[in-house]
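One structure below.
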Amino acid sequence: MQLSATRTENQRRFADAYAGDPDFVVPRVVAQRGDVIVSEWLDGIPLSRLITTGARAERDGVGMLAVRFFWSSAPKSGLLYGDPHPGNFRALPGGRPGVVDFGACSVWPPAQFPALVHDLADAFIHGAPRVRCERRSCAGHRN
């Protein structure tokens, strides 16, 4: 599998963050040489296959965990998992999902996030700033 050093570092961060987690398995990186990475094997059913062949309860359970993984990734690892599609999750024996492919990750929160939160809180508390609207869709704001 061809991968960059960034993917390798992302996977290491996720594997460390989720080590011993009761709900998720992230395979550890075993070796990397150039653009090739070798990680622990996950023996499971791809969620993309489970969607078509699995029982509804099984699909719902693993799907809910996949959503939980996405939302828990930034607080646990400092990275936002950016590729949460069914092909990147495996239903492992015992019901926990395994997660693969860490190439589309971003540092979270980004540097500008505190300013954005401040602006949103200010707008929520004090109201949105007056905006010059040229379209009728801006009801309530007049030029």
Side-chain angles (χ1 to χ4, degrees), residues 1-133 135-141:
M1 183 180 276
Q2 294 283 326
L3 298 171
S4 69
T6 301
R7 280 186 187 215
T8 304
E9 185 53 37
N10 290 348
Q11 185 168 340
R12 285 184 173 132
R13 281 180 70 172
F14 273 90
D16 289 346
Y18 286 91
D21 191 279
D23 294 321
F24 308 104
V25 176
V26 175
R28 293 204 170 276
V29 173
V30 175
Q32 177 198 357
R33 189 145 322 202
D35 288 339
V36 177
I37 181 176
V38 177
S39 63
E40 295 174 323
W41 180 258
L42 292 181
D43 192 21
I45 301 167
L47 188 54
S48 54
R49 187 175 336 143
L50 186 66
I51 288 170
T52 59
T53 62
R56 181 182 178 110
E58 188 178 25
R59 291 190 318 258
D60 290 351
V62 174
M64 184 57 70
L65 286 170
V67 170
R68 282 187 45 218
F69 180 83
F70 173 77
W71 287 111
S72 71
S73 69
K76 283 190 87 152
S77 70
L79 295 171
L80 182 65
Y81 184 69
D83 202 8
H85 69 78
N88 287 340
F89 291 89
R90 306 284 184 270
L92 304 177
R96 293 193 305 167
V99 187
V100 298
D101 193 353
F102 298 90
C105 298
S106 297
V107 173
W108 192 265
Q112 67 274 24
F113 190 70
L116 174 64
V117 170
H118 178 270
D119 290 347
L120 289 172
D122 186 57
F124 180 73
I125 293 167
H126 300 107
R130 284 251 178 233
V131 178
R132 288 187 53 90
C133 294
R135 299 180 351 216
R136 291 182 184 253
S137 62
C138 296
H141 291 286

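Keep in mind that the numbers below use all heavy atoms, side chains included, and drop hydrogens, waters and symmetry copies. Owing to the predicted nature of the structure, the values given are computational and were not obtained by experimental measurement. One-based numbering along the sequence shown.
- In this pair, Phe24 and Phe69 present their aromatic rings perpendicular. The plane angle is above 60°, beyond the 30 to 60° band.
- For residues 104-121, there are no side-chain hydrogen bond (donor to acceptor under 3.5 Å, both in side chains) pairs, not counting sequence neighbours.
- Residues passing the ring-ring contact (aromatic ring centres under 6.0 Å, His included) test with Trp71: none are found, sequence neighbours excluded.
- Here the CG-CG distance, from Leu80 to Asn10, works out to 11.0 Å after rounding to the nearest 0.5 Å.
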Please list every donor-acceptor pair under 3.5 Å in which a side-chain atom of residues 40-60 meets a protein atom from a residue at least two apart or in another chain.
from  : atom 1 : to    : atom 2 : distance (Å)
Glu40 : OE1    : Arg28 : N      : 2.8
Thr52 : OG1    : Arg49 : O      : 3.0
Thr53 : OG1    : Arg49 : O      : 3.0
Arg59 : NH1    : Gly54 : O      : 2.7

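- With rounding to the nearest 0.5 Å, the separation of CG in Asp35 from CD in Gln32 is 7.5 Å.
- Of the possible polar contacts, one joining the Ser73 side chain to the Tyr81 backbone as a donor-acceptor pair under 3.5 Å is found.
- With sequence neighbours left out, Asp23 forms a salt bridge (charged side-chain N to carboxylate O under 4.0 Å, His left out) with Arg68.
- Shown here are the side-chain hydrogen bond (donor to acceptor under 3.5 Å, both in side chains) partners of Ser72, two or more places apart in sequence or in another chain: Tyr18.
- Distance check: Gln11 CD to Leu79 CG gives 12.0 Å after rounding to the nearest 0.5 Å.
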Under 3.5 Å, which donor-acceptor pairs do the side chains of residues 88-98 form with other protein atoms, sequence neighbours left out?
from  : atom 1 : to    : atom 2 : distance (Å)
Asn88 : ND2    : Asp83 : O      : 2.9
Asn88 : ND2    : Asp83 : OD2    : 3.1
Asn88 : ND2    : His85 : NE2    : 3.2
Arg90 : NH1    : Gly87 : O      : 2.7
Arg96 : NH1    : Asp21 : O      : 2.6

